[in-house]
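First the structure, in the form of structure tokens, and then the observations on it.
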Amino acid sequence: MTRTGSSSGVLSIKPFRRLWIALSLSSFGDWLSILALTALAGSLTKGSAENYAIGGVLVVKLLPALVFGPLAGAVADRFDRRTTMVIADILRFSLFLSIPIVGRLDWLYVATFLVEVVTLFWIPAKEATVPNLVPKDRLERANQVSLISTYGSAPVAAATFSVLALISGVVFSTHRQQANLALYFNAVTFLISAITIFSLHEIPRQDGKVSVPSILKQILAGWRFVGSTRMVRGLTVGIVGAFAAGGAVIGIAKVYVKALGGGDAAYGVVFGMVFVGMAVGMFLAPRILKDFSRRRLFGLAIIGAGVALVLIAVIENLVMVALLTALLGAGAGVAWVVGYTLVGLEVEDSLRGRTWAFLQSLVRVVLLLTVAAVPFIAGAVGEHRIKVGDGVYHFDGPNAVLLLAALVAVIVGLLAYRQMDDRKGIPLSRDLLAALRGEEYVPEEPKSGERGVFLAFEGGEGAGKTTQSRLLAIWLRDQGFDVVTTREPGSTKIGMRLRALLLDKETTGLAARAETLLYAADRAQHVAEVIRPALDRGAIVVTDRYVDSSLAYQGAGRELKVKEIAEVNRWATGGLTPDLTIVLDVPSDVGLGRFASPADRIESEPREFHERVRRGFRALAEAEPHRYLVVDATQPQEDIVRQIRDRVRALLPDPVPATAEAVTSTMPVISD
Ligand code: TYD
């Protein structure tokens with residue numbers, strides 16, 4: 001036994017491998033039987049009775065689980081598991097064999113029902129056996145492998161059904177004989193399964209208990225906590241709707257394919273396409289949309305399936321229908337993995353089991369109800385011929401059922417999307433595009449339309465930012481604006497400590513990346529505590545330094561990648577960008593020469609450093625001129641002030657007329 005931990009590792013445990021083969025075979029047989037039985041039921045009836053006959057098969061298949069599920073679980077605990085499984089398989093073999101031999105619709109129902117009842121005893125016996133054959137640490141793997149074969153066998157069964165239908169189409173003349181061949185084949189899979197399990201002596205006689213509470217109990221218990229979280233509520237609505245739509249499609253597929261001129265082979269292909277699509281969707285979506293909100297994806301996948309369904313309902317072309325069915329399957333598959341992951345990630349550990357039990361029980365009931373309702377809906381709609389140009393468009397019961405299912409899927413998808421949306425206010429298209437590029441979309445602008453104005457002053461040392469920002473603030477306050485002046489680093493309590501760390505000359509050996517992150521940390525706190533709240537209440541915020549300082553000092557100055565620093569800061573600030581950044585440009589000699597006080601850690605960097613910083617600011621402004629004002633800071637102060645006001649005026653919510661200047665241009669003396 002190899003301990004690789006991979007799925008093939010689990011299969012290297014011989015007894016488990018045998019059980020798994022038996023399981024795969026019976027899953028395969030199960031799927032094949034759905035196709036064969038619905039096909040046979042269809043061929044045993046005529047006209048609209050066909051709808052009911054097929055619906056009847058599905059109802060009969062689903063009903064036993066609801067009625068006998070708990071009982072079977074209890075029985076499985078009491079009897080020897082290996083014997084239970086072997087007897088169950090032999091019974092299923094005989095029952096399947098009897099269906100084509102008897103060849104009557106009523107027996108088909110009875111036998112199908114009995115097969116399902118027997119299966120109910122087989123499953124818990126199998127579930128209880130797996131932990132006996134696989135070491136505990138590989139149980140999860142074993143379950144995964146079982147799951148893969150349970151669903152993976154569906155497209156294989158569909159393909160087999162198509163091939164069998166084609167082969168028998170050559171040999172036999174009627175549909176009935178074609179379906180019969182599939183049923184014989186199916187019977188044999190259970191016989192092989194019986195033999196395989198019979199040879200499995202490793203299954204212990206009995207230990208442990210598998211208790212299966214009644215389905216109704218599970219649903220009732222589930223209601224109690226599902227209502228409490230928005231996420232599970234959205235998830236439930238989505239899953240119920242998706243399965244209702246799915247049930248409708250399964251219930252009507254055979255009749256629809258026939259109406260489009262397809263036979264059993266085509267039915268098998270369309271059926272198989274659902275699973276091919278599911279597999280592709282499950283595999284690709286999480287990889288392509290790695291950074292996309294899972295909660296959003298869930299609703300979108302269901303809406304997508306709904307849209308595919310609309311097309312399936314109206315485009316009456318078999319090839320297109322088959323392709324669209326794959327798309328439908330992809331939507332369902334994505335919703336399934338995402339739903340599964342969300343329950344795993346966001347539902348509390350102690351509630352997870354119950355959430356699953358609840359969802360699974362609910363799904364069965366929903367499937368049963370829709371499958372039972374489909375023939376009646378189809379029957380009520382009847383057949384309609386609509387003249388379109390030269391041709392005639394057929395709109396029959398199946399079209400109506402499919403459209404209805406599509407409608408349900410779209411509505412439910414929208415509801416789930418709204419309930420679960422965790423990125424409210426962020427446009428979906430941009431969010432999606434960013435995710436496709438493998439990035440996370442952070443909005444450029446804060447969402448609320450009513451926010452204030454955000455202005456930043458930037459520039460090298462001694463450029464006069466502090467003076468200019470204060471002058472601007474005073475001017476703005478004079479106009480009656482609510483103005484908040486602030487600066488970086490160190491405008492919050494936490495920021496003050498970071499500032500001390502950053503500017504103290506005692507701080508030696510600080511790595512450039514660490515420095516970048518500390519500035520970003522100060523900024524994150526600054527945005528959260530000061531800037532964002534001020535903007536939200538509609539104030540004008542004037543900050544002395546912001547993100548661009550990091551881009552210029554740590555990027556250009558320390559020669560780190562500007563793009564990476566921008567990313568980090570976008571994350572730190574939640575994407576908050578100034579409406580206008582005013583760069584006070586001054587040659588570094590002039591700027592540094594303006595200092596009287598001793599230089600701090602950054603100021604004492606060499607001249608070349610400060611020159612790079614200056615070029616860094618200019619480059620930023622050149623790249624996005626609409627968001628920048630570069631002012632030559634060697635000019636006389638009045639000129640600088642005027643240039644800044646001219647530009648800021650245009651941004652103000654209630655523009656200040658230039659003529660008002662005369663009254664307010666008295667310039668108070670500012671000392672730092
Ligand atoms: P500064 O505005 O010069 O403070 P003060 O005028 O009180 O000395 O900012 C402090 C220093 O921090 C300055 O030299 C530039 C540097 N700095 C960065 O390197 N990266 C940044 O992101 C910020 C905000 C500042």
Side-chain angles (χ1 to χ4, degrees), residues 454-473 485-492 494-507 510-527 529-531 541-573 576-578 581-586 588-617 620 633 670-672:
F454 185 22
L455 305 170
F457 277 91
E458 297 281 10
E461 312 296 332
K465 293 177 281 65
T466 317
T467 312
Q468 287 300 337
S469 61
R470 286 190 189 180
L471 287 175
L472 183 65
T485 47
T486 181
R487 68 161 184 186
E488 288 189 6
S491 278
T492 58
I494 290 166
M496 268 148 72
R497 299 171 74 174
L498 291 171
R499 181 185 171 91
L501 203 65
L502 281 163
L503 299 185
D504 191 347
K505 274 213 209 157
E506 302 285 297
T507 307
L510 183 62
R513 283 166 192 255
E515 183 182 283
T516 307
L517 288 172
L518 289 176
Y519 277 116
D522 168 71
R523 188 161 297 128
Q525 192 67 28
H526 190 203
V527 167
E529 209 174 296
V530 180
I531 303 178
V541 175
V542 180
T543 181
D544 183 350
R545 295 198 185 278
Y546 191 59
V547 175
D548 288 355
S549 281
S550 282
L551 303 180
Y553 280 85
Q554 280 67 49
R558 298 263 186 253
E559 297 181 286
L560 292 176
K561 288 208 179 78
V562 173
K563 195 163 171 267
E564 288 175 0
I565 299 175
E567 269 304 310
V568 169
N569 276 279
R570 208 142 62 108
W571 185 78
T573 60
L576 182 65
T577 315
T581 299
I582 300 151
V583 176
L584 299 179
D585 183 48
V586 69
S588 50
D589 297 344
V590 179
L592 289 166
R594 286 180 183 171
F595 284 123
S597 52
D600 65 29
R601 196 176 66 88
I602 302 238
E603 283 158 10
S604 22
E605 288 293 333
R607 203 184 140 258
E608 304 81 69
F609 176 91
H610 292 284
E611 268 308 311
R612 281 202 298 278
V613 170
R614 182 187 183 201
R615 283 199 298 275
F617 280 125
L620 290 170
I670 305 280
S671 56
D672 272 24

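Every number for a ligand or one of its atoms is a count from 1 in the order of the listing. Remember, predicted model here, so these are calculated numbers, not experimental data.
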- Task: Kindly indicate whether the side chain of Leu576, heavy atoms from C-beta on, has any atom under 4.5 Å from the side chain of Tyr546.
- Result: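 Sidechains of Tyr546 and Leu576: in contact.
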
- Query: So, Asp600 side chain and Glu603 main chain: donor-acceptor pair closer than 3.5 Å or not?
  - Reply: yes

Partners meeting side-chain hydrogen bond (donor to acceptor under 3.5 Å, both in side chains) with [X] (sequence neighbours left out):
X	value
His526	Thr486, Glu488
Glu461	Tyr553
Glu564	none

- Item | Atom-level proximity to ligand 1, residues with heavy atom under 4.0 Å |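 Contacting ligand 1 under 4.0 Å are Glu461, Lys465, Arg487, Glu488, Pro489, Arg499, Leu503, Tyr519, Arg523, Arg545, Ser549, Ser550, Tyr553, Gln554, Asp600, Ile602, Glu603.
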
- For Ser550 and Arg523, does a side-chain donor sit closer than 3.5 Å to a side-chain acceptor?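 There is such a pair between these side chains.
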
